[in-house]
Each structure stands twice: as C-alpha cells, then as structure tokens.
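Remarks on the structure that follows.
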Amino acid sequence: MDASFQRDQLDNQILQALMQDARTPFAELAKRFGVSAGTIHVRVEKMKQAGIITGAQITVNPKALGYDVCCFIGINLKSAGDYPAAIAKLNALEEVVEAYYTTGNYSVFVKVMCQSIDGLQHVLINRIQSIDEIQSTETLISLQNPIVRSVKP
C-alpha cells in the first residue's frame with residue numbers, strides 16, 4: 001500500500017464511476033472524462049497499489065436467494081481474551097456475513113442472514129449461543145434496509 005498517494009478530482013470521478021458499475025470499460029471512462037484509456041488504467045492501478053481499490057464484486061439481492069431474515073446480534077464475551085477464538089468460530093458460520101469489534105454495550109456486533117425465523121432460531125441457539133466464549137447475545141431483527149451506500153471518494 002502506498003500511503004503517500006494523493007487522490008485528485010479525476011481519481012474521485014473514476015472511483016465514483018466504478019463504484020456505480022465496476023464493469024465500465026476504461027475506454028468509456030476515458031471518453032467521459034476527456035483523457036486516454038491508458039490514463040484511466042494507470043490511475044486505477046495506482047489506486048489499487050495504494051489500497052483504495054481492493055477489488056470488484058457482484059452485488060446480489062439476498063431476498064432473491066431466499067434469505068428473508070436479516071438481523072444484527074450484539075455479543076458479550078466472557079472476557080476480552082476470548083475475542084480471537086470467538087471471531088474464528090463466528091467466521092466459520094456462513095450465516096454470519098459481517099462482524100465488528102466494537103465499543104459500547106457489546107464486544108462484537110454481527111450481521112446474520114437466514115432464510116427464515118426458524119433458521120435464525122436454529123443459528124442463534126445451536127450455533128452462536130453455543131460458542132463457549134460468548135456470555136450473552138441480543139438480537140435485533142431488521143425490518144427494512146432503506147439506505148445502502150458506500151462512502152464517497
């Protein structure tokens with residue numbers, strides 16, 4: 001990673017365009033921004049080397065795949081030293097799609113996706129709450145996700 005990299009307006013425009021559609025051809029971006037495709041390529045490579053661009057991915061709709069239940073689980077660990085083992089065990093659960101080490105009421109906050117409430121109950125009781133390092137949990141079920149966005153460059 002290149003910590004000395006300084007973004008400019010063109011870099012930010014490239015990032016915004018690629019965040020909207022990562023499959024946009026460099027030639028199209030070059031035409032849009034009035035530069036050569038080679039310039040776009042060089043800028044993207046520099047942002048990759050700087051750790052700003054870390055990859056490109058396809059976004060899927062979980063509901064279209066049958067995952068109708070999204071919830072957030074606040075987790076209290078038995079002790080701070082239990083964090084590495086707890087994270088390793090949570091990482092092994094495919095239903096856990098995000099995890100955060102936090103301050104405040106919980107040691108760890110996870111996002112869980114399940115196909116049903118019954119599935120959530122099974123994951124919660126038999127998989128998450130059975131992890132030895134976990135003292136207690138609090139589950140918040142998401143009713144909707146009205147705002148989804150990435151940070152602006």
Side-chain angles (χ1 to χ4, degrees), residues 1-2 5 7 9-33 35 37 39-77 82-131 133-134 136-153:
M1 285 199 341
D2 181 5
F5 180 80
R7 289 186 336 267
Q9 183 178 357
L10 178 58
D11 295 320
N12 289 339
Q13 289 173 321
I14 294 167
L15 282 173
Q16 286 179 335
L18 292 176
M19 288 169 66
Q20 295 253 323
D21 183 358
R23 298 183 311 169
T24 305
F26 287 177
E28 183 180 320
L29 294 176
K31 188 174 182 179
R32 187 183 313 171
F33 303 132
V35 297
T39 297
I40 299 294
H41 176 76
V42 167
R43 296 292 187 111
V44 168
E45 287 304 312
K46 284 184 178 181
M47 287 189 279
K48 285 179 181 178
Q49 291 173 3
I52 294 169
I53 295 175
T54 58
Q57 61 190 23
I58 293 174
T59 303
V60 297
N61 178 349
K63 286 192 179 279
L65 295 176
Y67 290 88
D68 291 327
V69 178
C70 172
C71 72
F72 299 90
I73 302 174
I75 298 172
N76 290 309
L77 300 175
D82 289 332
Y83 174 74
I87 288 297
K89 291 175 183 176
L90 289 166
N91 190 40
L93 305 178
E94 67 183 33
E95 297 86 359
V96 175
V97 296
E98 294 179 29
Y100 300 89
Y101 190 36
T102 62
T103 63
N105 292 333
Y106 308 108
S107 305
V108 179
F109 205 69
V110 297
K111 179 179 178 181
V112 172
M113 297 294 298
C114 293
Q115 294 185 329
S116 66
I117 292 293
D118 288 340
L120 171 60
Q121 181 178 352
H122 172 76
V123 168
L124 189 58
I125 293 171
N126 299 317
R127 301 185 77 198
I128 293 176
Q129 291 176 340
S130 68
I131 294 173
E133 293 81 5
I134 293 177
S136 63
T137 63
E138 181 178 3
T139 304
L140 306 160
I141 295 176
S142 172
L143 301 177
Q144 13 174 264
N145 186 6
I147 300 171
V148 178
R149 63 177 159 231
S150 295
V151 296
K152 287 206 173 231

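Note that the numbering runs from 1 along the sequence shown for the chain. This structure is a prediction, so every number in the text was calculated from the model and none was measured.
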Taking atom CG of N126 and atom CD of Q121, what is their separation to the nearest 0.5 Å?
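So the CG of N126 and the CD of Q121 are separated by 8.5 Å.
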Can you tell me how far NE2 of H41 sits from CZ of F26, rounded to the nearest 0.5 angstrom?
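Output value for this atom pair is 7.0 Å.
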Yes or no on side-chain contact (heavy atoms from CB on, under 4.5 Å) for V110 and Y100, after CA distance, side-chain angles and deciding distance?
CA-CA 6 Å; V110 297; Y100 300 89; over 6 Å; no
So do the side chains of [X] and [Y] get within less than 4.5 Å of each other, counting heavy atoms only?
X: F72; Y: T139; answer: no
X: D68; Y: Q115; answer: no
X: H122; Y: C114; answer: no
X: L140; Y: F109; answer: yes
X: L120; Y: C71; answer: yes

Could you tell me whether a side-chain N or O of T39 sits under 3.5 Å from a main-chain N or O of V35, the two making a donor and an acceptor?
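Checking the backbone N and O of V35 against the side chain of T39, no donor-acceptor pair under 3.5 Å is found.
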Is there a side-chain contact (heavy atoms from CB on, under 4.5 Å) between Q129 and L124 once you walk through the steps?
CA-CA 6 Å; Q129 291 176 340; L124 189 58; 3.9 Å; yes
I14 and F33: side-chain contact (heavy atoms from CB on, under 4.5 Å), yes or no, with the steps?
CA-CA 8 Å; I14 294 167; F33 303 132; 4.2 Å; yes
Whether K31 and E28 form a salt bridge (side-chain N of Lys/Arg under 4.0 Å from carboxylate O of Asp/Glu) is what I want to check.
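No, E28 and K31 are not salt-bridged.
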Specify the closest pair of heavy atoms between A56 and A22, including all atoms of both residues, with the distance to one decimal.
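The answer is CB-CB, 3.9 Å.
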Given I73 and V108, is the side-chain contact (heavy atoms from CB on, under 4.5 Å) satisfied, shown in steps?
CA-CA 8 Å; I73 302 174; V108 179; over 6 Å; no
